[in-house]
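In the text below, chain A, chain B and the rest are named by the order of the sequence lines, each starting its count at 1.
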Amino acid sequence: MKFWLMKSEPDTYSWDDLENAPAKTGSWEGVRNYQARNFMRDEFKLGDQVFFYHSSCAEPAIIGMAEVVRESYPDHTAMDPKSQYYDEKSAQKGLNPWVMVDVKAKKRFAKPLTLSEVRKSSELKDLLLLQKGQRLSIQPVQNEHAKIIMNLV
DNA sequence: GCCAACGTTGGC
DNA sequence: GCCAACGTTGGC
């Protein structure tokens with residue numbers, strides 16, 4: 001079982017949106033970055049644990065834990081001209097390179113672990129999230145880092 | 001809104 | 001294949 005961190009802008013898709021969805025489960029559509037896609041396609045397994053992170057908001061923070069409940073399958077929004085995630089070039093080629101997974105909200109943390117709090121932990125200084133220029137929306141989290149995070153929330 | 005950092009695109 | 005221009009991410 002692996003740990004991951006997935007970023008979402010709460011204005012677009014928040015922890016509450018996931019928790020209020022049927023079966024507390026949502027499909028992680030709209031990833032249009034190859035590195036992030038490769039993680040989902042090649043490495044995401046049922047039962048993997050996902051730290052849900054709110055980005056681009058007043059207080060960026062890790063909000064809760066979700067779990068992978070369906071492994072990768074085609075992200076149909078890439079082929080849908082009406083979707084905000086439409087990928088015109090791929091659609092014209094008739095090949096959809098994009099995938100998504102389903103995640104289920106498991107546990108909202110008693111208190112969100114804010115980015116500034118993460119920065120304060122010397123044990124988390126190597127966390128990918130903190131590295132300079134790191135913009136990946138899906139990141140692996142080392143087991144040791146995951147333990148430390150879970151001890152902080 | 002600003003801007004640093006990064007990924008992608010496209011001309012050559 | 002190089003690299004400048006452009007677009008996006010995301011913290012502040």
5' to 3', nucleotides 4-12 of chain C under a 4.0 Å protein heavy-atom cut-off (B base, S sugar-phosphate only, - none) gives ---BBBBSS

Check: Among pairs that include at least one residue of residues 119-143 of chain A, which meet side-chain hydrogen bond (donor to acceptor under 3.5 Å, both in side chains), considering only residues two or more places apart or in two chains?
Finding: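 Pairs touching residues 119-143 of chain A that pass the test: none.
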
- Task: Any salt bridge (Lys or Arg N to Asp or Glu O under 4.0 Å) involving residues 84-102 of chain A? Give me the pairs, sequence neighbours left out, ordered by first then second residue.
- Result: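 Output for this query is empty, none listed.
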
Quiz: residues 103-115 of chain A side-chain donor-acceptor pairs under 3.5 angstrom, not counting sequence neighbours:
unit_1: A:Arg108; atom_1: NH2; unit_2: A:Asp16; atom_2: OD1; d: 2.3
unit_1: A:Lys111; atom_1: NZ; unit_2: A:Glu117; atom_2: OE2; d: 3.1
unit_1: A:Thr114; atom_1: OG1; unit_2: A:Ser116; atom_2: OG; d: 3.2
unit_1: A:Thr114; atom_1: OG1; unit_2: A:Glu117; atom_2: N; d: 3.1
unit_1: A:Thr114; atom_1: OG1; unit_2: A:Glu117; atom_2: OE1; d: 3.3

Identify each donor-acceptor pair in which a side-chain atom of residues 145-153 of chain A lies under 3.5 Å from a protein atom, sequence neighbours left out, and give them as a table.
unit_1: A:Asn151; atom_1: ND2; unit_2: A:Lys147; atom_2: O; d: 3.3

Please tell me which of A:Asn33 and A:Lys89 maps to the more 5' nucleotide of DNA chain B, matching each residue to the nucleotide holding its nearest heavy atom.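 Residue closer to the 5' terminus by nearest nucleotide: A:Asn33.
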
Atom pairs and distances, side-chain donor-acceptor, residues 46-65 of chain A, under 3.5 Å, sequence neighbours left out:
unit_1: A:Asp48; atom_1: OD1; unit_2: A:Lys2; atom_2: N; d: 3.0
unit_1: A:Asp48; atom_1: OD2; unit_2: A:Trp4; atom_2: NE1; d: 3.0
unit_1: A:Asp48; atom_1: OD2; unit_2: A:Lys45; atom_2: N; d: 3.0
unit_1: A:Gln49; atom_1: NE2; unit_2: A:Gly47; atom_2: O; d: 2.9
unit_1: A:Gln49; atom_1: NE2; unit_2: A:Glu67; atom_2: OE1; d: 3.3
unit_1: A:His54; atom_1: NE2; unit_2: A:Trp15; atom_2: N; d: 3.0

